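If you're wondering where the values come from, they're calculated on a predicted model, not measured in any experiment. Per chain, numbering begins at 1; letters A, B, ... match sequence-line order.
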2 protein chains.
Amino acid sequence: MTELINVNSRSYRLPSAPTIVVCVDGCEQEYINQAIQAGKAPFLAELPAFGSVLTGDCVVPSFTNPNNLSIVCGAPPSVHGICGNFFFDQEAKEEVLMNDAKYLRAPTILAEMARAGQRVAVVTAKDKLRSLLGHQLKGICFSAEKADEVNLGEHGIEDIVARVGMPVPPVYSAELSEFVFAAGLSLLTHERPDLMYLSTTDYVQHKYAPGTPEANAFYAMMDGYFKRYHDEGAVVAITADHGMNAKTDAIGRPNIVFLQDLLDARYGAQFARVILPITDPYVVHHGALGSYATIYLHDTERRRDVTDFLAGIAGVEAVFTRSQASQRFEVPEDRIGDLVVLGERLTVLGSAADKHDLSGLTVPLRSHGGVSEQKVPLIFNRKVVDVDSARRLRNFDVIDIALNHLG
Amino acid sequence: MTELINVNSRSYRLPSAPTIVVCVDGCEQEYINQAIQAGKAPFLAELPAFGSVLTGDCVVPSFTNPNNLSIVCGAPPSVHGICGNFFFDQEAKEEVLMNDAKYLRAPTILAEMARAGQRVAVVTAKDKLRSLLGHQLKGICFSAEKADEVNLGEHGIEDIVARVGMPVPPVYSAELSEFVFAAGLSLLTHERPDLMYLSTTDYVQHKYAPGTPEANAFYAMMDGYFKRYHDEGAVVAITADHGMNAKTDAIGRPNIVFLQDLLDARYGAQFARVILPITDPYVVHHGALGSYATIYLHDTERRRDVTDFLAGIAGVEAVFTRSQASQRFEVPEDRIGDLVVLGERLTVLGSAADKHDLSGLTVPLRSHGGVSEQKVPLIFNRKVVDVDSARRLRNFDVIDIALNHLG
């Protein structure tokens, strides 16, 4: 009989081979397609012969934290509670960073696998995700960003910088993600974890379009590691937290709708509070500008009027009430505002113009957050079997497929 | 007093300098942005210092003919009648190619300018557009495709191949568009038309993504001609007929919804007729696959049921009734079906699988047709003045702005 564990109402087989789940941050499918076209991703180009390439929908808001947590919980934010980097705590009346594990409402598959006796390892690019992904995990868990602080007691491993043989990279670099893959290879060949979760940063995707030399070089790097994992006998499962789109006009100027300014001008200051859940301590490469915003209203009686006003603004794709948004996107009602606003594919939503520091945008803005960045790859180095072709696949099905549905 | 002409209820000043209106087929804004980033479009990079860069909405269906005709008429298809390459003639009960000028219901600004005594020239890449664009035009009008057949009687010019100094390029080539620009330069420096309309082909954009070497080379070529026109003292106004998006998954396989097959399976053969108005005699590079379809129903009583069925299919973005579509997209009711269906950004709509020859798709499918390809550039080498910033700009405002609103 196959041993199963149950997490968040789904069951998972224990890994039959070392299983590596990779979340490629900001991996619009076109990055892979163009890298293959340019001859820079030979492993992924050959993969369909022995593996499977599918497409899935990520969670909206199409941001990093909600999706990484959905992937490791196998469930949407309505279950695990993490629906952005920031939310407005209505009791405390303040905007709160949701990086702390105390906001997590569900166990992760990673922690439950470790509890079931499996060796589990997690490597993230940025440290911001480590405490959430490593919540209650007995195993290895560290970030590339703080790899030089790794110690056995806290991270379950030591001397990782020396083992990887790369200096700790700057937080805004392609190398930060490369360090994740190099560390993953070292773990695979030495500790040989049963389940390993690798999560990169979208620094490259925020700066470079699919098919450009810098993007192709980044995907070539990843392709090389995927091949090495494959050659080591691992199951490799690749998905993304979200896609990525240009948010600019023909000469690279960002298309920004400053919602707070527009609402203040129409309804007066203090009437509405615009929250941009993309905001986090690392905003240099996107200026806290994404295609998703949530709005708390001082007077909810006027919600209908505000909805109509916002829906009429050029660049706004859709406006949902709290209950509409929580149903459609499976996000927790108590952590979103009275309204949820989505920007069109080429448009980002800002709060007030003077609150955004765009000085770090040295290249034309590329970002995410909306439904326009919802399509992501689901790639496996073995054939997927027994998955209903009519099923709407999600990125948070990646562990289910990797453990339960590979031939 | 400024002399004005009136065409389709809009008035236009006569050109004060040679005015060149360029329709860059399939010019997703990102092509220009990436070419500038790569240093391949120095003229467009410098243009904002002395000119204006705006964004406009093209006509949906975001196809070549409806948009070229909208641009030269300064009006949407509800006025001029051309809403696709193909339509279903309900009286004749047959699918009809709409390339013939007899389907045109409105005069063009080009013809009216010529009637007002202005020298007018039109150069198109493919010959298919020539008879529509040149309708009742007393002036120069020819295609690069058939440049070797040009004669004074029919085209208002002769010996153009010798003058251009390029051999007539193949119809599927970047050079076909280059010929248009080279011919335009020859006309500008010799005949010096008051108003010239240049229309390219999207062969390059169907094949190559923004920022790739082939796309950048194409935009570098155009950039060079724009600079030469500018240096010759011309007013240069650049727009596009539609944008362009990848329509594939991570490994370049097309995402296709075969509507005819789905409808036949559910409602029986002969119940619905799917028309793909992108279909034309040149389908090699897109396989007649775009993100727009219109459907004629045998039994319109079941329209509501069919709408719900289609709207539930993954990859379908929206379904409109004839009257909804004709209002929203300003297309003529008598030339669209009972329903209009749009594909999502990454999805194209097909009829029956066995009706599409995809053997010409040697690279991953890129195409257009939906609202996802509606944003196009509006670029002028002089400052735009007196245009209300709240006005929704359309690509078919390009001649209005070029003649009436430049400083």
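For the options B/Ile36, B/Thr212, B/Val53, heavy-atom pairs under 4.5 Å to chain A are most numerous at B/Val53. Of the listed residues (A/Leu47, A/Thr55, A/Asp249, A/Asn216), the one with the most heavy-atom contacts under 4.5 Å to chain B is A/Asp249. Each of B/Asn33, B/Val376, B/Ile379, B/Leu346 has some count of heavy-atom pairs under 4.5 Å with chain A, and the biggest count is that of B/Asn33. The greatest number of non-hydrogen atom pairs below 4.5 Å with chain B, out of A/Pro210, A/Pro364, A/Ala38, is found for A/Pro364.
One N or O on the side chain of B/Ser367 and one on the backbone of B/Leu289 form a donor-acceptor pair closer than 3.5 Å. For the pair A/Asp241 (side chain) and A/Gly26 (backbone), a donor-acceptor distance under 3.5 Å is present.
A/Ile313 pairs with exactly one of A/Val341, A/Thr347, A/Val257 by the side chain to side chain contact (heavy atoms under 4.5 Å, CB included) rule, that one being A/Val257. For the salt bridge (charged side-chain N to carboxylate O under 4.0 Å, His left out) test with B/Asp57, the passing option among B/Arg391, B/Lys375, B/Arg394 is B/Lys375; the others fail.
Only the side chain of A/Pro48 comes within less than 4.5 Å of a heavy atom of chain B; its backbone N, CA, C and O stay farther away. Within the 4.5 angstrom heavy-atom criterion, no atom of A/Leu378 approaches chain B. With a threshold of 4.5 angstrom between heavy atoms, A/Ile251 approaches chain B through its backbone and through its side chain. Contacts between A/Arg253 and chain B at a heavy-atom distance below 4.5 Å involve the side chain alone, from C-beta outward.
The closest side-chain heavy-atom distance from B/Pro377 to B/Ile32 is below 4.5 Å.
Looking at A/Asn245 and A/Glu373, their side chains do bring a donor and an acceptor atom within 3.5 Å of each other.
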